[in-house]
Participant: 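The structure is given below, and queries will be raised subsequently.
Here the structure is a predicted model, which is why all the values come from computation and not from measurement. Whatever order the structure lists them in is the order used to number ligands and atoms, beginning at 1.
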Amino acid sequence: MVFLGPPGAGKGTMAVRVADAASIPHISTGDIFRFNIKNQTDLGKKVKAILDSGELVPDTVTIELVQDRLQKDDARSGFILDGFPRTIPQADALGKMVTLDRVINFELSDEEVVKRLSGRRVHPGSGRTYHVLFSPPRVEGKDDETGEPLVQRDDDKEEAIINRLKVYREQTQPLIDYYRSRGMLVDLDSSPAPDSVYAALADLLALNRA
Ligand code: AP5
């Protein structure tokens with residue numbers, strides 16, 4: 001399945017829980033790019049400025065990366081794609097790679113997006129995500145598991161957030177109609193608190209809520 005929606009809508013937060021409950025991998029193209037940036041690979045060096053500004057990585061690069069990832073053994077019995085596809089060419093390419101069950105459309109207003117992204121803090125080692133108000137760590141600024149410092153993503157600064165919303169509207173939002181017209185889209189109100197959003201999603205996907 002695919003998790004579609006604006007930046008900060010909670011796709012990553014829910015993907016971690018659903019992947020765990022359904023025992024399928026959570027494949028986030030954003031996480032893959034950030035991993036490469038952190039490890040200063042050739043791909044990381046190529047995409048760092050693009051991610052920092054909130055623009056999209058070129059389709060050719062992203063499609064090849066997803067194609068390779070979906071061929072791994074762990075994706076054979078299902079997967080959650082979080083942040084891919086983001087353009088019509090990416091969706092067309094994905095349609096040639098796999099048959100999708102569902103596309104979940106996470107709905108959230110721009111105002112809430114800005115609140116969520118500006119308060120987000122992440123643990124760089126694990127990708128664990130917190131929010132200073134909505135899901136704070138037990139000790140301010142520290143990861144619950146390791147006690148290591150939390151950081152703010154470079155693209156969670158105000159200027160990049162505004163650009164990410166613009167890019168989302170222009171290039172990704174058309175995918176809502178693309179998948180709706182194919183009968184694959186399910187809308188999900190992602191404005192309630194995380195546990196309520198997860199409960200709605202678990203019902204939708206017939207998952208165990210634990
Ligand atoms: P990516 O990492 O995919 O970023 P994104 O789509 O902008 O999504 P986010 O990770 O910002 O948000 P999310 O919806 O996962 O929200 P989260 O769960 O963290 O992509 C980054 C960049 O990589 C792109 O800009 C682009 O450059 C590049 N890229 C990636 N994929 C690409 C592609 N396919 N093609 C081209 N380029 C690509 O939640 C946000 C915050 O809200 C957190 O603090 C969380 O704790 C909190 N929160 C979550 N749910 C709730 C809730 N229900 N109530 C209150 N708070 C909540």
Side-chain angles (χ1 to χ4, degrees), residues 2-19 26-37 43-44 46-67 69 80-94 104-123 127-137 144 150-157 159-173 175 188-201:
V2 163
F3 282 5
L4 183 70
K11 304 179 297 294
T13 303
M14 292 303 140
V16 168
R17 293 177 69 168
V18 173
H26 163 210
I27 301 174
S28 156
T29 39
D31 284 351
I32 297 173
F33 290 135
R34 281 185 291 278
F35 174 86
N36 278 276
I37 291 171
L43 174 64
K46 197 153 120 187
V47 302
K48 184 178 183 332
I50 301 177
L51 264 83
D52 287 353
S53 67
E55 292 296 319
L56 294 184
V57 174
D59 284 339
T60 44
V61 175
T62 314
I63 289 168
E64 196 184 320
L65 184 139
V66 170
Q67 193 151 25
R69 180 62 187 86
I80 300 169
L81 273 174
D82 162 15
F84 183 93
R86 262 178 151 92
T87 64
I88 301 277
Q90 289 181 16
D92 286 341
L94 181 63
I104 311 290
N105 177 33
F106 285 66
E107 297 181 300
L108 195 68
S109 68
D110 286 4
E111 202 187 339
E112 283 303 314
V113 163
V114 173
K115 272 191 214 159
R116 287 192 188 178
L117 292 182
S118 52
R120 173 163 60 185
R121 298 294 181 270
V122 291
H123 174 239
R128 271 185 288 282
T129 298
Y130 301 85
H131 190 282
V132 291
L133 299 177
F134 309 138
S135 45
D144 285 351
L150 302 178
V151 299
Q152 187 172 30
R153 265 170 50 174
D154 285 334
D155 61 349
D156 281 348
K157 311 273 160 67
E159 203 178 310
I161 294 174
I162 291 165
N163 195 36
R164 283 161 71 197
L165 276 167
K166 180 170 165 280
V167 167
Y168 169 75
R169 246 176 254 118
E170 290 171 359
Q171 301 197 52
T172 308
Q173 215 167 26
L175 292 179
L188 178 75
D189 175 9
S190 50
S191 64
D195 283 347
S196 306
V197 176
Y198 181 69
L201 195 50

Participant: At under 4.0 Å between heavy atoms, which part of Pro192 makes contact with ligand 1: side chain, backbone, both or neither?
Facilitator: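 Just the backbone.
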Participant: Give the contacting part of Met14 toward ligand 1: side chain, backbone, both or neither, where contact means a heavy-atom distance below 4.0 Å.
Facilitator: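 Looking at Met14 and ligand 1, no heavy atom falls under 4.0 Å.
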Participant: Is ligand 1 under 4.0 Å from a heavy atom in the side chain of Ser135, in the backbone, in both, or in neither?
Facilitator: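 Near ligand 1, Ser135 shows its side chain, while the N, CA, C and O stay back.
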Participant: Once you round to the nearest 0.5 Å, how far does CZ of Arg121 lie from CG of Asp156?
Facilitator: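 Reported to 0.5 Å precision, the distance equals 8.0 Å.
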Participant: Working to the nearest 0.5 Å, report the span between CZ of Phe3 and CD1 of Ile80.
Facilitator: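 Here the interatomic distance stands at 4.5 Å.
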Participant: Side chain, backbone, both or neither: which part of Leu117 has a heavy atom under 4.0 Å from ligand 1?
Facilitator: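 Contact part for Leu117 vs ligand 1: side chain (C-beta onward).
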Participant: Rounded to the nearest 0.5 Å, what separation is found between the CZ atom of Phe33 and the CG atom of Leu65?
Facilitator: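 If we round to the nearest 0.5 Å, Phe33:CZ and Leu65:CG are 5.0 Å apart.
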Participant: Is there a side-chain contact between Thr87 and Thr62, using heavy atoms and a 4.5 Å cut-off?
Facilitator: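 The answer is no; the side chains never approach within 4.5 Å.
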Participant: Heavy-atom distances under 4.0 Å decide this one: backbone, side chain, both or neither, for Thr62 against ligand 1?
Facilitator: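 It is the side chain that touches ligand 1; the backbone stays farther off.
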Participant: Geometry only, no angles: is Arg153 polar-contacting ligand 1 at N/O separations under 3.5 Å?
Facilitator: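 Yes - when backbone and side-chain N and O of Arg153 are compared with those of ligand 1, one distance drops under 3.5 Å.
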Participant: Pairs of nitrogen or oxygen atoms closer than 3.5 Å, one from Phe84 and one from ligand 1: do any exist?
Facilitator: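 Phe84 vs ligand 1: no N/O contact under 3.5 Å.
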Participant: Heavy atom under 4.0 Å from ligand 1: found in Tyr130's side chain, backbone, both, or neither?
Facilitator: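 Under 4.0 Å from ligand 1, Tyr130 contributes backbone atoms alone.
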Participant: How many angstroms lie between atom CG of Leu81 and atom CG of Leu4, to the nearest 0.5 angstrom?
Facilitator: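 These two atoms lie 11.0 Å from each other.
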Participant: Hey, is Leu56 touching ligand 1 through its side chain, its backbone, both or neither, going by heavy atoms under 4.0 Å?
Facilitator: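 It is both parts that get close, each with some atom under 4.0 Å.
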Participant: Report the part of Arg121 in contact with ligand 1, treating N, CA, C, O as backbone and CB onward as side chain, heavy atoms under 4.0 Å; options are side chain, backbone, both, neither.
Facilitator: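 Contact part for Arg121 vs ligand 1: neither.
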Participant: Would you mind telling me if ligand 1 is within reach of the side chain of Ser196, the backbone, both or neither, using heavy atoms under 4.0 Å?
Facilitator: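 Near ligand 1, Ser196 shows nothing, with every heavy atom at 4.0 Å or more.
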Participant: Could an N or O of ligand 1 be found under 3.5 Å from any N or O of Asp31, whether backbone or side chain?
Facilitator: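 No.
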